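Being a predicted model, the structure only gives us computed values, none of them experimental.
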Amino acid sequence: MSGYDVANLEDLDRIPIAEGLEWRPIRRRFDVRAFGVNAYTVDHAGGHVIEEHDELGPGGAGGHEELYVVLRGHATFTIDGEIVEAPAGTLIFIRDPALKRVAIAEDPDTAVLAVGGAPGKAYEVSPWEYTFASTPLLKAGRAKEAKVILLEGLTQHPGNPAILYNLACAEAVAGDHASALIHLRASIEVDAKYAAYAKGDPDFDSLRSEPGFPA
């Protein structure tokens, strides 16, 4: 068995996560187990190439240090309120996981590589990766396959509200209403914002008449 693997950025899956913004799952492609590494591309100027976040939030952040590398195009980063221009070839290292960061593409087809890990800790796959990976399957009507990915994520991150919520979506679509209700209620118990999400989420249309559906 070879000790290495090779791929081109354009060979990677293109998973939409916002308008024009696509996640290119490098870590999953190679099954990297030592650190987080992914790429993000946006097809138009003015769009997010890195969504606003910090590395301490409850939605799946891992307390990581992060290195961003602008592979092509041009991005404008805002880090803790400070603007940093980042044409192709720029490297930006954010040591403090509490700092808010966001990047907007100045050129079409901008691509940014993100590498992260928590100092002094063994790497764990971030919870958001499971939800991102399951989303296109769910949208394609492959709810059972999405459920497999989310159950794996829940094993690694018990009680994570984002995984619980998305698992409930997959189960509702797959017709497993009892489990969907259990996991939906569990997600809301951890983070009440998921009640508002569920209110208008079409994935739960089949559950709304169930007596256990959250008010």
Engineer: Are F213 and I188 connected into the same hydrophobic cluster when the rule is that any two of I, L, V, M, F, W, Y join if their side-chain heavy atoms are below 4.5 Å apart?
Structural biologist: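 Linked within one cluster.
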Engineer: With a 4.5 Å cut-off on side-chain heavy atoms, are L167 and L154 touching?
Structural biologist: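 The answer is yes; the side chains approach within 4.5 Å.
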Engineer: Is any side-chain heavy atom of L9 closer than 4.5 Å to a side-chain heavy atom of R72?
Structural biologist: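 Contact flag for L9/R72 side chains = yes.
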Engineer: Using every non-hydrogen atom in the two residues, find where L138 and A170 come nearest and quote the distance to one decimal.
Structural biologist: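 In terms of heavy atoms, the two residues are closest at CD1-CA, 3.8 Å.
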Engineer: Does V115 reach the side chain of F35, with side-chain heavy atoms less than 4.5 Å apart?
Structural biologist: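 Yes, at least one pair of side-chain atoms sits under 4.5 Å.
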Engineer: For residues 36-46, which side-chain N or O atoms pair as donor and acceptor with protein atoms under 3.5 Å away, sequence neighbours left out?
Structural biologist:
{"from": "N38", "atom 1": "OD1", "to": "W23", "atom 2": "NE1", "distance (Å)": "2.9"}
{"from": "N38", "atom 1": "OD1", "to": "I26", "atom 2": "N", "distance (Å)": "3.4"}
{"from": "T41", "atom 1": "OG1", "to": "R24", "atom 2": "NE", "distance (Å)": "3.4"}
{"from": "T41", "atom 1": "OG1", "to": "R24", "atom 2": "NH2", "distance (Å)": "3.4"}

Engineer: Rounded to the nearest 0.5 Å, how far does NE2 of H74 lie from CD1 of I104?
Structural biologist: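 Result: 12.0 Å between the selected atoms.
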Engineer: Within the 4.5 Å heavy-atom criterion, are E124 and H157 side-chain neighbours or not?
Structural biologist: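 Of all side-chain heavy-atom pairs linking H157 with E124, at least one is under 4.5 Å.
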Engineer: Test salt bridge (Lys or Arg N to Asp or Glu O under 4.0 Å) on K147 and D176 and set out the steps.
Structural biologist: CA-CA 11 Å; K147 180 178 175 179; D176 188 357; 3.2 Å; yes
Engineer: Can you sort out the partners of D96 under side chain to side chain contact (heavy atoms under 4.5 Å, CB included), two or more places apart, ordered by chain and number?
Structural biologist: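 Side chain to side chain contact (heavy atoms under 4.5 Å, CB included) list for D96, sorted by chain: A98, L99.
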Engineer: Are any non-hydrogen side-chain atoms of E65 and P119 less than 4.5 angstrom apart?
Structural biologist: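 Yes, close enough: below the 4.5 Å cut-off.
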Engineer: Just do the side-chain contact (heavy atoms from CB on, under 4.5 Å) check on F77 and V112 with the steps written out, would you?
Structural biologist: CA-CA 11 Å; F77 280 75; V112 175; 4.3 Å; yes
Engineer: Looking only at heavy atoms, which two atoms of S187 and L164 are closest? And how far apart?
Structural biologist: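 So the minimum-distance heavy-atom pair works out to CB-CB, 3.7 Å.
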Engineer: Could you tell me the separation between the CG atom of N160 and the OG1 atom of T131, rounded to the nearest 0.5 Å?
Structural biologist: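 Nearest 0.5 Å value for the CG-OG1 distance: 8.0 Å.
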Engineer: So, for S206 and A172, which heavy atoms are closest and what is the spacing to 0.1 Å?
Structural biologist: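 Reported closest heavy-atom pair: OG-O, 3.7 Å.
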Engineer: Show the numbers, then the answer: is there a salt bridge (Lys or Arg N to Asp or Glu O under 4.0 Å) between K199 and D201?
Structural biologist: CA-CA 6 Å; K199 185 176 181 180; D201 194 329; over 6 Å; no
Engineer: Please say yes or no: joined through hydrophobic side-chain contacts below 4.5 Å, possibly via intermediate residues, are W128 and V32 part of one cluster?
Structural biologist: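 The answer is no; the residues belong to distinct hydrophobic clusters.
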Engineer: Run the salt bridge (Lys or Arg N to Asp or Glu O under 4.0 Å) check on D80 and R101 step by step: do they pass?
Structural biologist: CA-CA 6 Å; D80 195 31; R101 75 288 309 263; over 6 Å; no
Engineer: Would you indicate whether the side-chain heavy atoms of T76 and V84 approach each other to under 4.5 Å?
Structural biologist: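 Of all side-chain heavy-atom pairs linking T76 with V84, none is under 4.5 Å.
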Engineer: Working to the nearest 0.5 angstrom, can you tell me the gap between I15 CD1 and T135 OG1?
Structural biologist: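 Interatomic distance, I15 CD1 to T135 OG1, rounded to 0.5 Å: 8.0 Å.
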Engineer: Do you know the tightest heavy-atom contact between P25 and D13?
Structural biologist: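 Smallest interatomic distance, heavy atoms only, reads CD-O, 3.3 Å.
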Engineer: So which heavy atom on V173 is nearest to which on A143, and how close?
Structural biologist: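 Heavy atoms of V173 and A143 come nearest at CG1-CB, 3.8 Å.
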Engineer: Between L56 and Y123, is there a shared hydrophobic cluster once you connect ILVMFWY residues whose side-chain heavy atoms come closer than 4.5 Å?
Structural biologist: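 No: no chain of side-chain contacts under 4.5 Å links L56 to Y123.
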Engineer: Drop me the distance from L207's CG to L184's CG, to the nearest 0.5 angstrom.
Structural biologist: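 Going from CG on L207 over to CG on L184, the span is 7.5 Å.
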Engineer: Where do L67 and L91 land on the side-chain contact (heavy atoms from CB on, under 4.5 Å) test, with the steps shown first?
Structural biologist: CA-CA 7 Å; L67 174 68; L91 294 86; 4.3 Å; yes
Engineer: Examine I79 and V70 and state if one hydrophobic cluster contains both, with Ile, Leu, Val, Met, Phe, Trp and Tyr joined whenever side-chain heavy atoms are less than 4.5 Å apart.
Structural biologist: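 Linked, I79 and V70 end up in one cluster.
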Engineer: How many angstroms lie between CG in L150 and CD1 in I163, if you round to the nearest 0.5 Å?
Structural biologist: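 Those atoms lie 7.0 Å apart.
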Engineer: Just jot down the side chain to side chain contact (heavy atoms under 4.5 Å, CB included) partners of N8, sequence neighbours excluded, or say none.
Structural biologist: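 For N8 the side chain to side chain contact (heavy atoms under 4.5 Å, CB included) partners, ignoring immediate neighbours, are E10, D11.
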Engineer: Can you tell me how far apart OG (S134) and NZ (K139) are? Round to the nearest 0.5 Å.
Structural biologist: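 S134 atom OG to K139 atom NZ measures 10.5 Å (nearest 0.5 Å).
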Engineer: Should L12 and Y130 be counted in the same cluster of Ile, Leu, Val, Met, Phe, Trp and Tyr side chains packed under 4.5 Å apart?
Structural biologist: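 Not linked; separate clusters.
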Engineer: For the pair F204 and Y165, name the ring-plane relationship: parallel under 30°, tilted 30 to 60°, perpendicular over 60°.
Structural biologist: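 Answer is perpendicular, since the angle exceeds 60°.
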Engineer: I149 and L137: side-chain contact (heavy atoms from CB on, under 4.5 Å), yes or no, with the steps?
Structural biologist: CA-CA 10 Å; I149 292 174; L137 294 172; 3.5 Å; yes
Engineer: Starting from the C-alpha separation in whole Å, work towards a yes-or-no answer on side-chain contact (heavy atoms from CB on, under 4.5 Å) for E210 and L181.
Structural biologist: CA-CA 9 Å; E210 297 281 347; L181 286 169; 3.9 Å; yes
Engineer: Surrounding CD of E85 (heavy atoms of other residues, nucleotides or ligands, distance under 6.0 Å), is the total greater than 12?
Structural biologist: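 Above 12, so yes.
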Engineer: Is atom CZ of R208 surrounded by more than 12 heavy atoms (other residues, nucleotides or ligands) closer than 6.0 Å?
Structural biologist: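 Result for CZ/R208: enclosed.
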Engineer: Between D203 and C169, what is the shortest heavy-atom contact and its length?
Structural biologist: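 Smallest heavy-atom distance, with atoms named: OD2-CB, 3.5 Å.
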Engineer: Flag the pair F132 / R28 as yes when at least one side-chain heavy-atom distance between them is below 4.5 Å, and no otherwise.
Structural biologist: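 No, their side chains stay 4.5 Å or more apart.
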Engineer: Please work out which of the three classes, parallel, tilted or perpendicular, describes the rings of Y68 and H53, given edges at 30° and 60°.
Structural biologist: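 Taking Y68 first and then H53, their aromatic rings stand perpendicular (interplane angle over 60°).
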